[in-house]
Structure formats: C-alpha cells, structure tokens
Amino acid sequence: MDLRNARSRAVMSRRAFVGSLAGCVLPVPAFGAAAAAGSVEALAGEGFAESAAARRDLALGSDVFVGDLVGTGTDSRLILRLGAATQIKLGAEARVRIDSFIANAGGVLELQSGALLFEGDAQDGGSIAVRSPFALIAVRGTRFFAGPSAGVFGVFVVRGRVDVTAAGRQVEVMEGRGTNIANPGAPPTDPANWGESRVRQALASVQ
C-alpha cells in the first residue's frame with residue numbers, strides 16, 4: 001500500500017467525521033433555568049415581566065417565573081395565577097417581584113409599588129409572605145388588600161387574617177379590619193374598621 005495514499009485517506013476520514021459532528025445539534029442542559037411560578041389569568045392594558053435576561057410583554061396565558069419583576073402600566077389591571085391556590089390582582093403602575101414560589105407550598109412576593117389584592121393560602125405546611133418597603137405581611141390563608149389607600153400604605157383583610165410587621169411592631173389584622181403605615185420605617189397602627197367607602201375605593205383600584 002502506498003504510504004502517502006494511506007495518510008491521505010486517513011486525513012479525509014477525520015475531516016468527514018468532524019464535519020458530521022458540526023452538522024449535529026446536541027442538547028445542552030439548561031442549568032440555572034428559572035422555574036415557572038404561574039401564568040397570566042387576565043390582563044387589561046399593559047403588563048410586562050422583567051428578568052435578568054430581558055423584558056417581556058405579557059398576554060393572556062403568558063408564563064411568569066421565579067425572579068421576575070411583574071409590572072402594569074397606567075390604567076392597567078393584571079391577574080396572576082400562582083400554582084393552584086393563589087391569585088394576585090395588580091392595579092395600575094404596580095410592581096411585584098416573585099422572589100420565590102413553590103406551587104401549593106408557599107413563597108415570598110415583593111410589592112415594590114402600587115396595590116395588590118391577594119387571594120389564596122399555602123398548603124402542605126408552607127407559608128406565603130408579601131414584603132414591601134413598608135412592612136412584612138405574613139399570610140394565613142386569606143384575601144387581603146395591600147397598597148396605597150387614604151394617603152398611607154394600608155393593609156385590609158377581606159377574609160382570614162394576616163400578621164403585619166414593621167418598625168419592630170407586629171399586629172394581627174382580622175377579617176373586616178385594616179391597619180395603616182404612614183411611611184417606610186413607621187409602625188403599623190392598631191387594626192380598625194376602615195369604613196365602606198374606603199374599602200370600596202381600595203378594592204376598586206385592583207379590579
């Protein structure tokens with residue numbers, strides 16, 4: 001066998017093998033991919049989600065993920081379904097970050113601005129908390145409003161109860177009552193009746 005011909009055939013074989021690899025699309029594991037937390041149940045106006053990668057416009061049925069900052073535009077309303085047992089309604093110009101969420105077990109939401117109406121509970125011994133610059137709200141299986149109301153940050157419980165903690169003070173807010181926080185760093189007031197007009201205006205801001 002001619003040595004030069006043998007070497008030539010070997011080189012051509014190696015090139016053909018490398019070329020075949022280049023034409024293959026090999027799956028790459030998506031390490032560190034964000035976990036889906038829920039989806040958009042209803043939207044009127046503008047809704048979006050921001051992650052480290054990009055900003056996405058939301059539509060009915062769009063997925064939202066752990067780590068997303070979800071927001072609404074002017075005169076907009078957005079309803080999120082997180083897991084099977086939790087619904088979040090956002091009013092206009094609201095910003096909520098999904099810090100952590102495990103379906104039907106619990107998580108942490110960060111209300112950065114605007115108002116929300118929370119409805120749901122944690123199952124299997126989990127817990128849900130809503131954090132804001134004003135207070136930490138520990139959810140005990142309930143429906144409650146949190147956001148601007150009557151010139152302050154207010155928390156009103158429609159059903160169930162929540163624990164509101166701020167400035168070293170914790171108050172338990174029961175059904176039909178609300179608490180006020182004048183500004184970040186101020187303690188919550190003693191829970192009290194808000195009055196029908198104020199409750200109606202608060203709920204209208206997120207529905």
Side-chain angles (χ1 to χ4, degrees), residues 37-50 57-60 62 64 68-82 85-99 101 107-121 128-166 171 173-186 188-207:
S39 61
V40 175
E41 195 169 67
L43 173 62
E46 177 193 8
F48 62 88
E50 292 181 349
D57 290 332
L58 296 177
L60 184 64
S62 294
V64 292
D68 275 350
L69 175 65
V70 179
T72 55
T74 304
D75 296 327
S76 299
R77 300 290 188 271
L78 174 67
I79 301 179
L80 297 176
R81 174 68 64 177
L82 303 180
T86 302
Q87 184 187 72
I88 306 294
K89 294 184 178 181
L90 300 181
E93 300 182 33
R95 300 289 185 273
V96 173
R97 185 177 300 281
I98 306 172
D99 275 357
F101 194 85
V108 178
L109 305 175
E110 181 185 355
L111 177 61
Q112 296 185 356
S113 63
L116 66 75
L117 182 67
F118 178 101
E119 183 165 6
D121 61 353
I128 298 175
V130 177
R131 185 173 63 236
S132 84
F134 292 85
L136 175 66
I137 305 168
V139 181
R140 303 296 182 224
T142 192
R143 184 172 188 249
F144 72 91
F145 166 90
S149 171
V152 298
F153 182 87
V155 178
F156 179 81
V157 177
V158 181
R159 184 181 68 248
R161 69 182 180 92
V162 300
D163 295 329
V164 178
T165 304
V171 296
V173 186
M174 304 298 289
E175 185 172 314
R177 290 179 169 261
T179 183
N180 303 323
I181 302 173
N183 49 64
T189 60
D190 291 335
N193 294 324
W194 271 16
E196 182 180 349
S197 176
R198 183 179 178 188
V199 172
R200 184 171 59 251
Q201 289 178 5
L203 297 182
S205 71
V206 292
Q207 294 179 326

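- Scanning all heavy atoms of the two residues, the minimum distance from E93 to S113 falls at O-OG, 3.7 Å.
- Legend: residues meeting ring pair (Phe, Tyr, Trp, His ring centres under 6.0 Å) with F153, ordered by chain and number and at least two apart, are F134.
- In this structure, the side-chain contact (heavy atoms from CB on, under 4.5 Å) partners of Q207, at least two apart in sequence or on a different chain, are K89, L117, R143, L203.
- Judged by distance alone, the side chain of S76 and the main-chain N or O of E46 form a donor-acceptor pair under 3.5 Å.
- Using a 4.5 Å heavy-atom cutoff, the side chains of V130 and V155 are not in contact.
- With rounding to the nearest 0.5 angstrom, the CD1 atom of I128 is 7.5 Å from the CD1 atom of I88.
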Going through the checks in order, is the side chain to side chain contact (heavy atoms under 4.5 Å, CB included) test met by V173 and I137? CA-CA 10 Å; V173 186; I137 305 168; over 6 Å; no

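- Pairing each heavy atom of V162 with each of V139, the nearest pair is CG1-CA, 4.4 Å.
- Taking all atoms of both residues into account, the shortest heavy-atom contact from R95 to T72 is NH1-O, 2.9 Å.
- Between L69 and V96 the shortest side-chain heavy-atom distance does not fall below 4.5 Å.
- For the side-chain contact (heavy atoms from CB on, under 4.5 Å) test, residues two or more places apart in sequence or in another chain that qualify with N193 are R177.
- The side-chain contact (heavy atoms from CB on, under 4.5 Å) check on L43 picks up V40, L78, with sequence neighbours excluded.
- Counting only heavy atoms from C-beta outward, the side chains of R140 and D163 approach each other to under 4.5 Å.
- Residues meeting the salt bridge (Lys or Arg N to Asp or Glu O under 4.0 Å) test with R200, sequence neighbours left out: E196.
- Proximity of the aromatic rings of F144 and F118 is defined here by a centroid distance below 6.0 angstrom, and this criterion is met.
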Is there a side chain to side chain contact (heavy atoms under 4.5 Å, CB included) between I79 and Q87? Walk through the geometry before answering. CA-CA 7 Å; I79 301 179; Q87 184 187 72; 3.5 Å; yes

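- The side-chain hydrogen bond (donor to acceptor under 3.5 Å, both in side chains) check on R198 picks up S149, N180, with sequence neighbours excluded.
- A search for side-chain hydrogen bond (donor to acceptor under 3.5 Å, both in side chains) contacts involving R81 returns E41, not counting sequence neighbours.
- In this structure D190 satisfies the salt bridge (Lys or Arg N to Asp or Glu O under 4.0 Å) test together with R169, sequence neighbours excluded.
- Residues passing the side-chain contact (heavy atoms from CB on, under 4.5 Å) test with A166 are A135, I181, P188, sequence neighbours excluded.
- Scanning for side-chain hydrogen bond (donor to acceptor under 3.5 Å, both in side chains) contacts around T165 gives Q170, with sequence neighbours left out.
- Atom OG1 of T86 and atom CG of L109 lie 8.0 Å apart (nearest 0.5 Å).
- Taking each heavy atom of S205 and A115 in turn, the nearest pair found is OG-CB, 4.1 Å.
- Looking at residues two or more places apart in sequence or on another chain, you find no salt bridge (Lys or Arg N to Asp or Glu O under 4.0 Å) involving E175.
- Residues A186 and A182 come closest through the heavy atom pair CB-N, 4.2 Å.
- For E110, the salt bridge (Lys or Arg N to Asp or Glu O under 4.0 Å) partners are R131, not counting sequence neighbours.
- Shortest non-hydrogen contact noted between P184 and P133 is CB-O, 3.6 Å.
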